[in-house]
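Structure record follows, encoded as structure tokens.
Scope of the values below: all heavy atoms of this structure, side chains included, with no hydrogens, waters or symmetry mates. Labels below follow one simple rule: chain letters A, B, ... track the order of the sequence lines, proteins then strands, and each chain is numbered from 1.
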Amino acid sequence: MKRTLSARPPFSFRAVADSHGWRQLAPFSGDADGLSYIARLSTGRVTVLHLAAAPDGAQIESADALAEGEQAEIATMAGWMLGLDQDLSAFYAAAQHEPKLAQVAERAQGRLLRSPTLFEDVVKTILTTNTTWSGTIRMVQALVDLFGAQLDDVSSGPLEGPSSSPLDELASGPLPAEPVRRAFPLPKSIAQTDVETLRRDARLGYRAPYVLELARRIDSGTLDLEALKTAELPTDELRKRLRAIKGVGPYAVANLLMLLGHYDAIPIDSWALTLVSKEWHGGAAIGPAEVEAAFAHWGQFKGLAYWFWEWSNAG
DNA sequence: GGTAGACCTGGACGC
DNA sequence: GCGTCCAGGTCTACC
């Protein structure tokens with residue numbers, strides 16, 4: 001099954017795929033001419049999607065013969081992941097007078113690659129905090145390996161987890177050298193485990209209770225995280241709701257706001273401090289206030305201005 | 001409201 | 001190979 005989706009111009013598939021590191025995190029993987037993603041559909045089917053560039057948009061392809069409803073679901077899913085409907089014309093208009101951002105419109109930069117669910121993006125963001133990028137890759141892969149539904153498992157229902165638990169395999173011996181590709185876990189799959197398993201087997205460390213609590217709140221229905229994707233809330237209200245999630249601090253909130261299309265926040269991590277210090281402070285020690293000040297005049301677009309800035313000394 | 005210490009892991013480094 | 005130190009955000013207790 002192959003389908004072409006149109007995007008609001010200007011659009012560059014490559015610009016979205018390369019917008020940040022998400023493409024390196026399971027169940028994403030790169031292929032020769034695009035991205036692959038193991039998706040779990042609401043019908044319970046787990047299929048591999050191939051996303052690639054197409055004239056005026058993106059092409060989405062699945063190896064499976066999908067029902068009409070499933071095709072519609074993956075089209076909606078891909079549209080969200082690639083931000084096909086996003087209108088960045090106001091940002092481009094503002095950026096055209098800034099030499100350090102002069103290339104963004106031409107390169108169609110501004111869209112950020114997203115996961116299909118906000119749950120997945122929040123978990124991944126928590127797993128980027130206070131660790132190295134290699135640690136993030138490892139923790140996300142472990143969650144997928146341990147709790148994700150198998151690619152070839154089409155028998156489970158919409159609310160069920162994987163039909164066989166890799167924890168059983170761990171108990172009886174090492175995982176196979178070529179692990180089965182799996183989708184990102186449902187909240188329910190993680191909610192059924194415990195902190196000790198997340199610490200010991202997924203090696204999430206002190207983040208384990210944060211991820212477990214988030215999964216359990218969603219699974220129990222006390223938190224409707226996905227509603228925030230389409231809620232037309234002011235940034236401050238969104239920030240307040242995201243900040244209420246354990247493990248989500250100022251950096252994580254700003255990162256998630258960016259993914260939700262709210263760009264009046266800068267995800268200030270140690271790298272941001274380094275970049276801004278080298279750019280404007282001669283490498284001297286600075287704090288978050290200096291980063292905010294550097295981009296304050298970009299107002300509602302300061303997150304995008306920071307993200308796509310042509311740094312003089314980024315190496 | 002601001003600050004210090006704890007949290008956990010992996011990588012770098014010295015021995 | 002082993003032990004030690006440090007970097008990476010957030011939470012909590014305390015002032």
Could you pull out all residues at least two apart from A:Ala52 that satisfy side chain to side chain contact (heavy atoms under 4.5 Å, CB included)? none
Interface limits on DNA chain B, where chain A has a heavy atom under 4.0 Å of a nucleotide atom: B:dC7 to B:dG11
Looking at every heavy atom in both A:Pro27 and A:Arg181, which two are closest together, and how far apart are they? O-NH2, 4.3 Å
Have a look at the helix from B:dG1-C:dC15 to B:dC15-C:dG1 and give the angle its two end axes make, five pairs each, rounded to 10 degrees. 30°
Have a look at A:Ile245 and say if it touches a base, only the backbone sugar-phosphate, or nothing, with a 4.0 Å heavy-atom cut-off. sugar-phosphate
Shoot me the first and last contacting nucleotide of DNA chain C against chain A, ordered 5' to 3', at under 4.0 angstrom to non-hydrogen atoms. C:dG8 to C:dT12
Do the ring planes of A:Trp311 and A:Phe295 sit parallel (below 30°), tilted (30 to 60°) or perpendicular (above 60°)? perpendicular
Salt bridge check: are A:Arg114 and A:Glu120 linked by an N-O gap of less than 4.0 Å? no
Distance col, row A:Leu113:CG vs A:Phe28:CZ, nearest 0.5 angstrom, shows 4.0 Å
For DNA chain B, determine which residues of residues 250-265 of chain A have any heavy atom closer than 4.0 angstrom to one of its atoms, and list them numerically. none
Any Lys/Arg nitrogen of A:Glu213 or A:Arg216 sitting under 4.0 Å from an Asp/Glu carboxylate oxygen of the other? no
Are the side chains of A:Tyr92 and A:Leu304 in touch, meaning some heavy atoms are under 4.5 Å apart? no
Can you list the residues that meet the salt bridge (charged side-chain N to carboxylate O under 4.0 Å, His left out) rule with A:Arg241, with sequence neighbours excluded? A:Glu237
